[in-house]
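As structure tokens, the structure follows; a few thoughts come after it.
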Amino acid sequence: MNLPLEPTVMVIFGAVGDLALRKLVPALYNLFLDGYLPERLAIVGVARRELDDAGFRQQLKDGVDRFSRRGAADQKEWDEFAVRLRYFSGDFTSAETGTLLGRRLEEFDREWNSRAIRVFYLAIPPGLVAAAARYLEILGVCKDCARDRLVVEKPFGRDLASARQLNGFLTSMFAEAQIYRIDHYLGKETVQNILALRFANSLYEPVWNRRYIDHVQITVAETVGVEQRGGYYDTAGALRDMVQNHLLQILSLIAMEPPVSFAADEVRNKKLDVLRAIRPIRTEEVHRMAVRGQYSRGKVSCKDVPAYREEHGVVSESVTETFAALKLYVDNWRWQGVPFYLRTGKCLQAKVSEAIILFRPAPHQLFPAAAVESWQPNRLVLRIQPEEGISTRIQVKQPGTRLLLGPVDMKFRYNEAFRVTPPEAYETLLLDVIRGDATLFMRADQIETAWSVIAPILDVWEAVPPADFPDYAAGSWGPETADLLIAKEGHSWLQPDIRLAAEDES
Ligand SMILES: NC(=O)C1=CN([C@@H]2O[C@H](COP(=O)(O)OP(=O)(O)OC[C@H]3O[C@@H](n4cnc5c(N)ncnc54)[C@H](OP(=O)(O)O)[C@@H]3O)[C@@H](O)[C@H]2O)C=CC1
Ligand SMILES: O=C1O[C@H](COP(=O)(O)O)[C@@H](O)[C@H](O)[C@H]1O
């Protein structure tokens, strides 16, 4: 792995917020421990609250102790890392703070005797992104400083129109290549492994099409509710929060054509082709292609859970969906007629993300009916989390004197095969930003096309409020309507192996 050698200043706007404390700083600290960070690196945190460098460092250390995959930080190692951390108190909607911060950044250039690459990470409420970007102009960041980068979190807009507007605004100030729109699912090891599985093996690609694949199921199930983010979530819902980004990205990786190379735009073009090929959903068919749900009180992992409408920050008669399931078709040569079922929800029975490829039956049934009582079609399970890995279900002869077939799984699990803890998604993505590799980030056109896929559903759901919310108990697998959605095609959801999921959570 090449070490990024260029001096870098990473400015984190919103440096003492939830995302920075839980994800960004633990990721940067782990990259430091693994020796991946540039030698000359400064991390400057910006927020309004009054703090000195020591207070800032202590808050970040508390975050690392609680949330790092490696557990509490060793004090000596932390101190070595912490000298890189500086705090700057100011409101980024004020020009004065802009000028002062600008001077501070120039000090690093003088100290290092070279103009450092500047990475601006906007870990701030989505409504402030445009204001913060304007503020960057005061800092002299523009299209001409091609080495400087801007990292924008999700949600990117709240619909097609607002995403277009934000893209228009950002690309008027920065070149597309400078803008890194994060979708943290793309940094997950097993999501990246979809490409490795498909394009580094000759076994799967020949059968990766409508002739052999019956349908695809993508499940991203969470056990948590909205936690501290009720205010945001209640204005978003599952479709905006998860489907528009993470689930459609997983679908794109499963369905894309082989890229010619792994150049950022080559991969992104191929993924965009998939999004563009998704059959548009007409208004009158939204109810046949998509269902929504909201959780009522229940038990998750043996603990009582309040109803969504009782969560902090959620309005009492909220009609926001906490569950969404979709049926999509990719209208191209490879996937014609193959349904892609997507579902995601909060307060479900287990935390598990996986994609299952269900294959068609063997073309000729050679075995007598008595031998195939428990026959199941071949399936390939791409487990994204927990227990990251891949398994293939095949039919074998069961031991005994009778000819009886039965399903078994051939399994690969990351932790058994490699015995290392894979990096967190944010580690991979932050390192890519520092190195200037945008392959795993969303381009403007991908974001907009993904919004256009779900736009008809958003419109209909907004126009026709659900009559029956809440409609699934916390701790279940979601509303019954999700089962009916795919039962119409003669399919049923394959519930994940929750024994593994529960082990991972405990
Ligand atoms: N938290 C999460 O798990 C996830 C978050 N995201 C996204 O990340 C972004 C940040 O979320 P999150 O960390 O939860 O938000 P928080 O509200 O926890 O943090 C916001 C941060 O911004 C600072 N801030 C707000 N206004 C200003 C201002 N005018 N000038 C300077 N600083 C300001 C706040 O500090 P102060 O008040 O001191 O100014 C605080 O540090 C959002 O876009 C969110 O959607 C995405 C995925 C997951
Ligand atoms: O982006 C988001 O993702 C998380 C789920 O991420 P995971 O890595 O824990 O699977 C979700 O809880 C959150 O609502 C959403 O904004």
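If you read the sequence from its start, that first residue is 1, and numbering goes on from there. Counting starts at 1 for both ligands and their atoms, following the listed order.
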Hey, would you say the Tyr341 and His215 ring centroids sit under 6.0 Å apart?
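Centroid distance Tyr341-His215: below 6.0 Å, so yes.
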Do other residues, nucleotides or ligands put more than 12 heavy atoms under 6.0 Å from the CD atom of Glu310?
yes
Phe418 and Phe412 aromatic ring geometry - parallel, tilted or perpendicular at 30°/60° bounds:
perpendicular
Side chain, backbone, both or neither: which part of [X] has a heavy atom under 4.0 Å from ligand 1?
X	result
Ala47	both
Val129	neither
Lys23	neither

Going by heavy-atom distance to atom 9 (C) of ligand 1, choose the closest among Ile12, Asn245, Ile124.
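Among Ile12, Asn245, Ile124, the closest heavy atom to atom 9 (C) of ligand 1 comes from Ile124.
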Going by the closest heavy atom to atom 10 (C) of ligand 1, which one wins out of Gly45, Pro155, Ala15, Ala123?
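It is Ala123 that holds the nearest heavy atom.
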So, for Phe81 and Leu85, which heavy atoms are closest and what is the spacing to 0.1 Å?
CE2-CD1, 4.1 Å
Can you name the closest pair of heavy atoms from Gly90 and Val46 and give their distance?
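For Gly90 and Val46, the tightest heavy-atom pair comes out as O-CG1, 4.1 Å.
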Would you please determine whether [X] falls within less than 4.0 Å of ligand 1 on a heavy-atom basis?
X	answer
Arg22	yes
Gln228	no
Gly90	yes
Phe92	yes

Give the residue, atom name and distance (to 0.1 Å) of the protein heavy atom nearest [atom].
atom	value
atom 20 (C) of ligand 1	Pro125 CD, 3.8 Å
atom 11 (O) of ligand 1	Leu19 CB, 4.2 Å
atom 29 (N) of ligand 1	Asp91 OD1, 3.0 Å
atom 22 (O) of ligand 1	Gly14 CA, 3.3 Å
atom 47 (C) of ligand 1	Glu153 OE1, 3.9 Å
atom 1 (N) of ligand 1	Asp18 OD2, 2.7 Å
atom 41 (O) of ligand 1	Gly17 N, 3.1 Å
atom 37 (O) of ligand 1	Arg48 NH2, 3.0 Å

Would Cys347 and Thr223 satisfy side-chain contact (heavy atoms from CB on, under 4.5 Å), going step by step from the backbone distance to the final call?
CA-CA 4 Å; Cys347 278; Thr223 46; over 6 Å; no
Cation-pi between Arg181 and Phe156: NZ/CZ under 6.0 Å from ring centre and within 45° of the ring axis?
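Output yes; distance and angle both within limits.
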Cation-pi check, Lys188 onto Tyr185 ring (under 6.0 Å, within 45° of axis)
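Flagged: Lys188 positioned over aromatic ring of Tyr185.
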Check each of Leu247, Ile278, Ile454, Val243 against Leu328 using the side-chain contact (heavy atoms from CB on, under 4.5 Å) test, and report the only one that passes.
Ile278
Please check if the side chain of [X] supplies one atom and the backbone of [Y] the other of a donor-acceptor pair under 3.5 Å.
X	Y	result
Ser252	Leu248	yes
Arg57	Ala82	yes
Gln192	Gly187	yes

Decide, yes or no, whether a salt bridge links Asp109 with Arg103 under the criterion of side-chain N to carboxylate O below 4.0 Å.
no
I'd like to know whether Tyr36 forms a side-chain hydrogen bond (donor to acceptor under 3.5 Å, both in side chains) with Asn30, so could you lay out the CA-CA distance, the side-chain angles of the two residues, the decisive distance to 0.1 Å, and finally the verdict.
CA-CA 9 Å; Tyr36 290 144; Asn30 282 324; over 6 Å; no
Stepwise ring pair (Phe, Tyr, Trp, His ring centres under 6.0 Å) test for Phe323 and Tyr472:
CA-CA 9 Å; Phe323 178 98; Tyr472 72 94; 5.8 Å; yes
Among all the protein's heavy atoms, is there at least one whose distance to atom 17 (O) of ligand 1 comes out below 4.0 Å?
no
I would like to know whether Lys299 and Asp304 meet salt bridge (charged side-chain N to carboxylate O under 4.0 Å, His left out); could you show each step before the answer?
CA-CA 5 Å; Lys299 269 192 194 304; Asp304 289 326; 2.8 Å; yes
List every atom of ligand 1 that sits less than 4.0 Å from any heavy atom of [X], numbering the atoms from 1 in the order shown and giving each element.
X	value
Leu128	26 (N)
Lys154	6 (N), 7 (C), 43 (O), 44 (C), 45 (O), 46 (C)
Arg49	35 (O), 36 (P), 37 (O), 38 (O)

Pairwise, report which nitrogen or oxygen atoms of ligand 2 are under 3.5 angstrom from protein nitrogen or oxygen atoms, and how far apart they are.
residue  : atom   : partner : partner atom : Å
ligand 2 : 1 (O)  : Lys154  : NZ           : 2.9
ligand 2 : 1 (O)  : His246  : NE2          : 2.8
ligand 2 : 6 (O)  : His184  : NE2          : 3.2
ligand 2 : 8 (O)  : His184  : NE2          : 2.8
ligand 2 : 8 (O)  : Lys188  : NZ           : 2.7
ligand 2 : 9 (O)  : Lys351  : NZ           : 2.8
ligand 2 : 10 (O) : Tyr185  : OH           : 2.5
ligand 2 : 10 (O) : Lys351  : NZ           : 3.3
ligand 2 : 10 (O) : Gln385  : NE2          : 2.8
ligand 2 : 12 (O) : Glu222  : OE1          : 2.5
ligand 2 : 12 (O) : Glu222  : OE2          : 3.4
ligand 2 : 12 (O) : Lys346  : NZ           : 3.1
ligand 2 : 14 (O) : Asp241  : OD2          : 2.6
ligand 2 : 14 (O) : Lys346  : NZ           : 2.9
ligand 2 : 16 (O) : Lys154  : NZ           : 2.8
ligand 2 : 16 (O) : Arg229  : NH1          : 3.2
ligand 2 : 16 (O) : Asp241  : OD1          : 2.7
ligand 2 : 16 (O) : Asp241  : OD2          : 3.3

